[in-house]
Structures are given as structure tokens and as C-alpha cells.
Amino acid sequence: MSAAAAPPPLLVLAGTLALWEVLVRASGTPPYVLPAPSLILETLASDRAILFPALLVTLGATLQALAAAVGGGVALAVLFAQSKWIERAFLPVAIVLQVTPIIAIAPLLLVYLDSREATLACAFLVAFFPILSNTALGLASVDRNLVDLFTLYGASRWRMLILLRAPSALPYFLAGLRIGGGLALVGAIAAELAAGASGKGAGLAFRIVEAGYRLNVPRMFAALLLICLSGVAIYASLAALSDLLLGRWRDVLARR
Amino acid sequence: MTEALSAATLAAPPLASLRGVSKFYDNGVEALRDVDLDIRAEEFLTLLGPSGCGKSTILRLIAGLEAPSAGGLTRSFSAGSVGFVFQEPTLMPWAKVFDNIFLPLRLAGQSRGKAAPAVEQALTLVGLGGFQNAFPNELSGGMKMRVSIARALAPRPSLILMDEPFAALDEITRFQLNDDLLRLRRETGATIVFVTHSIFEAAYLSTRIAVMGPRPGRIAAEIDAAAPRETGNFRASPAFAALCEAASNALHRAMGEEAP
């Protein structure tokens with residue numbers, strides 16, 4: 001593939017940043033309006049004592065919530081697969097939670113929970129649904145003939161789940177996980193924003209709000225950069241996990 | 001191959017026996033009406049009929065995947081000794097060929113090591129020795145179907161049920177698999193119940209053809225097809241032509257006299 005046919009994304013990114021740097025310098029825009037990329041990187045280095053602990057807080061909450069969403073989503077999806085009655089009873093609740101914007105639920109959660117727990121709860125709530133719905137879809141979309149075959153050979157429900165439904169659902173689950181991973185970060189950030197100034201154990205979103213009050217725009221950008229990189233890292237590692245688990249089977253799905 | 005079934009075989013109790021079997025589905029469709037049919041040991045019985053005449057339903061009833069709505073069904077084979085081949089290969093795409101064929105043995109509680117010889121033997125029987133580690137998507141349509149047949153053969157079933165297994169394949173592959181199927185039957189001695197809507201396939205393979213009529217499905221005629229097949233090319237012989245004609249006429253009558 002030639003560079004002319006498809007411009008590599010890194011080239012586009014570098015070009016954009018270079019243009020940004022040049023425009024800011026040429027127009028003499030003050031840093032409290034728009035900092036140049038170089039200044040943002042400088043701020044990232046100089047404010048690392050504030051920003052990196054905040055990064056760890058946000059990432060920690062995101063990953064814990066994602067792990068809980070995987071556990072809860074998969075468990076509920078397996079329950080749904082066992083009984084239509086359970087699915088009919090619980091799916092509406094899950095959907096209501098999903099369609100209500102998390103940013104509107106966060107203040108209420110903060111009434112009942114401390115800010116750390118509320119962050120976890122928000123991130124869990126948004127990551128949970130895509131994992132649940134994708135896994136449930138995967139468990140349900142099993143080849144009917146294979147189900148007949150397992151029945152013919154006297155397979156128990158449990159073995160059918162392990163040997164047939166789980167591998168059938170794996171690609172669906174991984175797709176849900178990739179969506180859920182990104183959303184968990186969104187949920188954690190939303191809760192941190194709603195929690196506002198609660199000082200101790202503050203995450204990146206809190207640092208953004210705080211820097212905003214002080215008109216420290218370069219730090220706002222630096223924190224935003226870290227959030228952005230976290231999102232990319234989460235997506236990339238989940239995509240790598242997906243490739244690893246699906247291996248050669250991925251070709252099959254691509255051809256279907 | 002001589003197709004005359006021994007007197008002892010004819011006297012033995014049938015592997016499965018349907019008496020006045022009817023089948024209704026919840027949506028009101030009457031799939032089968034008053035079907036009488038015996039599956040005799042060692043025969044190659046073909047259910048021949050147009051689509052939607054309940055051929056597959058009979059197979060599913062024999063397999064125990066569905067229960068009759070009315071009538072009696074007795075089966076004298078044990079639960080583990082029946083194999084099923086679907087119209088599609090129905091392989092697990094995430095599992096290698098070995099694991100696909102190992103499946104029935106695994107579900108019967110055998111260990112991987114202990115089952116390996118049986119799996120390899122089944123693969124050799126269908127002419128796919130050495131393909132254990134391939135994934136299904138790396139195989140052609142005909143090869144996938146062979147794997148599907150090998151899976152049915154692996155537990156050494158006394159009865160194999162085949163639901164239009166070659167319908168989706170091209171004619172050259174189908175002829176080849178037809179020949180292989182006859183050879184497999186000779187080598188394993190399994191009883192086969194085969195569903196098809198191809199008159200030629202039915203005439204080529206069967207020792208007995210049950211011609212079915214549609215709506216509601218019923219057995220309209222039975223044709224004894226146990227003609228001697230020593231001739232090198234049975235497909236070009238007068239006996240084959242006569243069988244095809246008989247089956248074709250029976251099918252026409254079955255289609256013409258649709259039940260009220």
C-alpha cells in the first residue's frame with residue numbers, strides 16, 4: 001500500500017499538531033486561550049506529580065468497573081440464556097439503565113455513595129449493558145443444528161454451555177467488551193465531573209475542573225491528553241486480547 | 001456388492017418402527033399423517049419426496065429430537081449409537097477437525113487420548129487422513145461434509161440418519177460422496193436412513209425407497225431397490241434406469257394425489 005493511496009494516521013496527526021504549533025506561535029495566542037502542543041507536553045512533565053496520581057485513580061476505577069461489568073454482564077447473559085422468563089423480567093431494567101444518560105444518574109449516586117464508589121458505579125452501569133446485550137445475543141445465536149447434535153449425544157445443559165454456547169458467544173462478547181471498555185472510562189469521567197471538588201483521591205476529570213477554575217488551560221489540555229491516551233490504550237489492549245482469543249477463527253467470521 | 005438382505009436380518013426386530021405416527025406443530029401445520037415405517041437393520045432406506053413433505057421430521061422423530069403427536073414410535077437402538085448428518089456440515093468453526101470429530105466421543109465421556117484412534121480411523125474412512133489440525137474454514141464444501149460424516153461415524157453408530165447431506169454440493173462432488181457413502185456402509189455395516197429429493201441419488205444408493213407425498217406428509221409408496229450392483233457403472237445400467245423410472249412414477253402419483 002503506497003503512502004499516497006492511504007495516508008498513515010500518524011502522518012495526519014503529526015501534520016495537525018505541527019499546524020497547531022505554527023498557528024499558535026504565529027498569531028501570538030496566549031496560552032490561557034489556546035496552548036501550543038509543545039507547552040501541553042511541558043505541562044504534562046512539570047505537573048506530573050498532580051496528573052499521574054489522578055491518572056492512576058481514574059484508570060483504577062475504570063478497570064475495576066470494567067471487571068465488575070464483565071462479571072455481571074456475562075453472568076446475567078448466561079441466566080438470560082437459561083430462561084426466557086428471567087430475560088423478560090430483567091432486560092427492561094437493563095435497558096432503562098442504559099438509555100438514561102449516566103451524567104444524569106451520577107448526582108443521585110453521589111447522594112448515596114462516596115465519590116469513589118459513585119465513580120465505580122457509574123463506570124459499571126455504562127460498561128455493563130453492551131457486554132450483557134452482546135453476550136446474550138451471542139449465547140442465543142447458536143447454530144440450531146449444533147444444539148440438536150449436542151442434544152442427540154446427550155449433552156447436559158452445562159456442557160452445552162461450555163462446549164457450544166460459550167465459544168459461539170465469544171466473538172460477540174469481545175465486541176461488547178471493546179465497547180464497554182471505552183464506555184467505562186466515559187462513566188468514570190462523568191462521575192468525577194459530577195462529584196466535583198471532593199479533593200481526596202481526585203481523578204483526571206476533577207483535575208480538569210480544578211484547572212479550569214484557575215484558568216490553567218495548559219493543564220486542562222494535559223489532563224485531556226492523558227484521558228485520550230487512556231481510552232486509546234484500553235481499546236488497543238482489548239482489541240489485542242480479542243485477536244489473541246479468536247486467533248485463526250477470526251478469518252471465519254470475516255468471511256461470513 | 002450383493003444387496004440381498006439375509007433372512008436373519010429380515011427376521012430381526014426393526015431398529016425403529018413408526019406406527020400410525022402423526023406430527024402437528026404449534027402453528028397448526030400437519031407435518032406427518034399416519035406414517036407406518038420400519039427401519040430394518042443393515043438396510044439403506046431413502047426417504048424420497050418434495051420439500052416440505054416431512055422427510056426431515058421423520059428423521060428427527062427417529063433421532064428422538066422430537067416426539068410424535070400421535071401414534072407409536074419404538075426404537076431398539078441405544079441412545080449413543082445413532083449418528084446424524086445435517087444438510088449443512090454443522091461443524092464448530094472454532095474447533096479443529098480433530099475436535100469436531102472427537103465431540104460425540106467427548107460427550108460420551110471418553111478422554112482425548114483414548115478417542116484419538118477412533119477419530120483418526122473415522123478421518124481415514126472418509127479419505128481425510130492427515131487433516132486433523134485443519135480448521136473447518138480451511139476446507140472445501142465437500143471436505144466439510146466428509147468431516148461431518150466422519151463425526152457421525154466416530155462413535156461407531158449402528159444407525160446413521162442423513163438429512164439431504166449432499167444437496168448443497170456440486171454434482172461431481174455429490175457423485176463422489178455417493179460412492180464413498182456406499183463404501184462406508186460396506187465397511188462399517190451401519191444402517192442408513194437417507195433423506196433426499198433427488199430421484200437419481202435415491203436410486204443409486206438405496207436398498208429400499210420410501211416415496212413420500214406432501215401436505216400432510218405421508219408414505220405414498222415403497223420401492224424395493226435391492227438390485228445387484230456388481231456392474232462397474234451402476235448409473236449406466238438398465239437396472240438403474242428401471243429404478244429411476246419406478247421412483248419417478250411413484251413420486252408423480254404421490255404429488256398428484258394430494259390428500260384433502
B/F84 portion near chain A, given a 4.5 angstrom heavy-atom threshold: both
For the residue pair B/T191 and B/E43, confirm or rule out a side-chain donor-acceptor distance under 3.5 Å. no
Residues A/T119 and A/E192: side-chain donor-acceptor under 3.5 angstrom: no
Is B/L103 close to chain A through its backbone or its side chain, or both, or neither, when contacts mean heavy atoms under 4.5 Å? side chain
For the residue pair B/R156 and B/T188, confirm or rule out a side-chain donor-acceptor distance under 3.5 Å. no
By a 4.5 Å heavy-atom criterion (distance strictly below it), what part of A/D143 contacts chain B: side chain, backbone, both, or neither? side chain
Can you tell me which portion of B/L65 sits under 4.5 Å from chain A's heavy atoms? Options are side chain, backbone, both or neither. side chain
Which bit of B/R60 is near chain A, if near means a heavy-atom gap under 4.5 Å: side chain, backbone, both or neither? side chain
Go through the atoms of B/A63 and report whether side chain, backbone, both or neither lie under 4.5 Å from a heavy atom of chain A. both
Test item: B/M145 and B/F86 side chains (from C-beta on) under 4.5 Å apart, heavy atoms: no
Could you check which of A/N145, A/T151, A/L163 has the highest count of heavy-atom pairs closer than 4.5 Å to chain B? A/N145
Compute whether any side-chain donor of one residue and acceptor of the other, for B/D170 and B/T173, lie under 3.5 angstrom apart. yes
Heavy-atom distances under 4.5 Å only: say whether B/P155 touches chain A with side chain, backbone, both or neither. side chain
Does some side-chain heavy atom of B/T46 sit less than 4.5 Å from a side-chain heavy atom of B/V195? no
